Trainee: 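I'd like to ask some things about the structure below.
All residue numbers refer to positions in the sequence shown, counting from 1. Please read these numbers as outputs of a predicted model, since none were measured by experiment.
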Amino acid sequence: MSQKLTQEDEGIGSRIRSNPRPALVWVFGALVLLAPEFGAIVHLITGAIPGIGAVDLPTLLSRELISNQGYQLPNGSWEGTFLGLSAAAAWTVRVVLIYAYAFAWLGWLWYGYLTFRRNYRFADWTPTDDRIDRLRDHRWGQFGFVVVFAFVMFAMFAPALGPTTLESNIVDPYSHEVTYYDDEVGEVATASVGTANLASQSQGTPDENYGLWSYDEYDRFHPAGTITNGKDMFTFLVYGARISLFIALSSTLLAGGIALVLGLITAYYKGLADLVTVVASDAFASIPFLLLLIMLSVVLSDTWIANVYNGALLLVFIFGLFFWPGYWRTIRGPAFQTVENEWIDAAKSYGQAPFTLMRKHIAPYVVSYLLIYASLGLGGIIITTAALSYLGLGITAPTPEWGRLVNLGQQYVPTVSWHISIIPGLAIVLVVTGFNALGDGIRDAIDPESEGSTEGGAAAAGGGG
């Protein structure tokens, strides 16, 4: 027994040294997965060091190596694309490899958890094991996880997933050129991307439309077609996903952080601290959020904060400051219940500082409730951001945002250019449904007694403002 207690007191480092093989296999797996993207890591690190400049090295999944930009000769062959494949085939190969790579990392993380559980953890069972097992059996939650994971990868790998780049397609098309085979003169020619965009507009008529899985006159491939000004819509979608994800995650972290701090303080000190927080929470909740959001977006549109990330940072602060009351009310009850436990009195009697007591003995019991509410509210933030962009507020042009696409193409919905509005609209519905499904799965995994309740839907609605 004494020997067992001695081993349990050892740190994770000692346990790994006594049985290094599983950990080494896991680390080797990470090195293998890092190798294809080593150039991207070097580029990121060197770019962040002043005076050195970003160092460019080839990476396996880059658009330079698996290029879909080239032109087709009269005999049907392709020049400039990966292995001479058609632009569509080369782009498909790159997308498949990127998602295979992402799922390989996911498998590596799962293997790491199992390795720790089987080889380096003394306890045969923990409550977390049951939660993970419940989530694994939750089909609706699994659907949400797959959708959310695909969406996150969509945003993370946006520069490689797009058939063209943000800079050449949207930001500064007249400073970049496209090479194509000119059938009229019978030779290879060049044109600015801006000129090519003008000839590739989707305006709702059969003569002016480039729909799903189409090529334009400059041999450029458009998986999701083009928009009204001829720009590639898939590139617009992947970068729009990136900014939506940034706003949703950042504002949720801000609101959740405020709620957690206030929840711990009010539960520990009660009295005046709780009363002041209740009044402040009710005051924020009584404000018509959507109207205030529109007003702040207009009033602050000419200030410095509206220029940071094209208005994304402003939305993060607004969402964070007005969503914390809902989060705080979610954890207030569990925090008050936790404080009443005997182990809290025991910790106080040993002279433990309030900050340490809140961090070690109260926070772990309320974070799970915060996680449930936050996961259900992410979809609501994405919808609200898209709604603002649809109204011409929020994210400023030309930064891509899905709501602006819906606005651009709404008059073409009954025409052959229906894809401009319908595709981003369906994407918003799918992503929000995925976040809500994942939130339901997390809720049922953490608190199985709540399974089938409608509180999650209410939470999602609240998150959406």
Side-chain angles (χ1 to χ4, degrees), residues 5 8-9 121-135 138 141 252-286 320-378 438-463:
L5 290 175
E8 291 180 352
D9 289 338
R121 195 179 71 189
F122 284 111
D124 295 330
W125 173 88
T126 68
T128 302
D129 295 340
D130 275 352
R131 292 167 183 167
I132 292 176
D133 290 341
R134 281 195 289 269
L135 186 59
H138 198 288
T252 299
L253 288 174
L254 179 60
I258 295 173
L260 180 60
V261 171
L262 292 177
L264 296 177
I265 291 175
T266 54
Y268 185 83
Y269 291 105
K270 303 185 178 69
L272 182 60
D274 184 52
L275 177 62
V276 171
T277 309
V278 168
V279 173
S281 172
D282 289 344
F284 274 93
S286 64
L321 291 176
F322 283 89
F323 281 1
W324 71 263
Y327 293 179
W328 173 72
R329 287 195 175 277
T330 299
I331 64 173
R332 180 173 178 268
F336 270 75
Q337 291 177 357
T338 305
V339 170
E340 299 301 323
N341 285 299
E342 293 179 352
W343 73 77
I344 299 296
D345 294 332
K348 289 180 180 177
S349 67
Y350 277 101
Q352 202 162 63
F355 174 75
T356 304
L357 191 148
M358 286 187 277
R359 179 175 59 84
K360 295 180 64 176
H361 300 293
I362 304 176
Y365 291 92
V366 300
V367 166
S368 58
Y369 293 92
L370 195 60
L371 180 62
I372 294 171
Y373 195 84
S375 60
L376 289 167
L378 283 167
L438 179 61
D440 287 342
I442 294 174
R443 179 199 60 199
D444 295 341
I446 292 176
D447 185 10
E449 294 182 359
S450 69
E451 188 171 5
S453 71
T454 58
E455 295 176 2

Trainee: May I ask you to test the Asp274-Phe336 pair for a side-chain heavy-atom distance under 4.5 Å?
Mentor: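 They are in contact (side-chain heavy atoms under 4.5 Å apart), so the answer is yes.
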
Trainee: For the backbone of Pro364 and the side chain of Ser368, can you confirm whether one donor and one acceptor N or O come within less than 3.5 Å of each other?
Mentor: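 Not at all, since once roles are kept as given, no pair shorter than 3.5 Å links the two residues.
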
Trainee: Could you measure the distance from the CZ atom of Arg329 to the OG1 atom of Thr277? Nearest 0.5 Å is fine.
Mentor: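 Spacing of CZ (Arg329) from OG1 (Thr277) equals 10.0 Å.
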
Trainee: Please name the pair of heavy atoms, one in Ala267 and one in Lys270, separated by the smallest distance, quoted to 0.1 Å.
Mentor: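 For Ala267 versus Lys270, the nearest heavy atoms are O-NZ, 3.3 Å.
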
Trainee: Backbone N or O of Val278 within a donor-acceptor pair of the Ser281 side chain at under 3.5 Å?
Mentor: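 It does not hold such a pair.
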
Trainee: Using the ring-ring contact (aromatic ring centres under 6.0 Å, His included) rule, pick out the option among Tyr327, Phe323, Trp324 that qualifies with Tyr373.
Mentor: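 Among the candidates, only Tyr327 passes.
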
Trainee: After noting the C-alpha distance and the side-chain angles of Asp282 and Val279, does the key distance pass the side-chain contact (heavy atoms from CB on, under 4.5 Å) rule?
Mentor: CA-CA 5 Å; Asp282 289 344; Val279 173; 5.9 Å; no

Trainee: With a sphere of 6.0 Å drawn around NZ of Lys360, does it hold more than 12 non-hydrogen atoms of other residues, nucleotides or ligands?
Mentor: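 Open.
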
Trainee: Which heavy atom of Ser375 sits nearest to which heavy atom of Ile372, and what is that distance?
Mentor: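 What the structure gives for the nearest pair is OG-O, 2.8 Å.
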
Trainee: Is any side-chain heavy atom of Val276 less than 4.5 Å from a side-chain heavy atom of Thr266?
Mentor: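 No - every pair of side-chain heavy atoms lies 4.5 Å or more apart.
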
Trainee: I would like to know whether Asp440 and Leu376 meet side-chain contact (heavy atoms from CB on, under 4.5 Å); could you show each step before the answer?
Mentor: CA-CA 7 Å; Asp440 287 342; Leu376 289 167; 3.6 Å; yes

Trainee: Say you draw a straight line from CG of Leu254 to CG of Leu321; how long is it, rounded to the nearest 0.5 Å?
Mentor: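 It comes to 6.0 Å.
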
Trainee: Rounded to the nearest 0.5 Å, how far does CZ of Arg131 lie from CD1 of Ile442?
Mentor: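 Those atoms lie 12.0 Å apart.
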
Trainee: Could you report the tightest heavy-atom contact between Thr126 and Arg121, atom names first, then the distance?
Mentor: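 So the two residues come closest at OG1-NH1, 3.6 Å.
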
Trainee: Any side-chain heavy atom of Tyr365 within less than 4.5 Å of one from Val339?
Mentor: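 No - every pair of side-chain heavy atoms lies 4.5 Å or more apart.
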
Trainee: Does the side chain of Asp130 come within less than 4.5 Å of Trp125's, by heavy atoms?
Mentor: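 Yes, their side chains come closer than 4.5 Å.
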
Trainee: Of the non-hydrogen atoms in Ile265 and Met358, which two are nearest, and what is the gap between them?
Mentor: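 Closest approach of Ile265 to Met358: N-SD, 4.0 Å.
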
Trainee: Which heavy-atom pair separates Ala259 from Leu370 by the least distance, and what is that distance?
Mentor: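 That would be CB-CD1, 4.4 Å.
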
Trainee: Rounded at 0.5 Å granularity, tell me how far CG in Leu264 sits from OG1 in Thr338.
Mentor: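 Rounded to the nearest 0.5 Å, the CG-OG1 separation comes out at 9.5 Å.
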
Trainee: Show the numbers, then the answer: is there a side-chain contact (heavy atoms from CB on, under 4.5 Å) between Leu357 and Ile344?
Mentor: CA-CA 8 Å; Leu357 191 148; Ile344 299 296; 3.8 Å; yes

Trainee: Looking only at heavy atoms, what is the nearest atom pair of Leu260 and Ile331, with distance?
Mentor: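 What the structure gives for the nearest pair is CA-CD1, 3.8 Å.
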
Trainee: Nearest 0.5 Å, please: how far is CZ in Arg443 from NE2 in His138?
Mentor: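 Going from the NE2 atom of His138 to the CZ atom of Arg443 covers 7.0 Å.
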
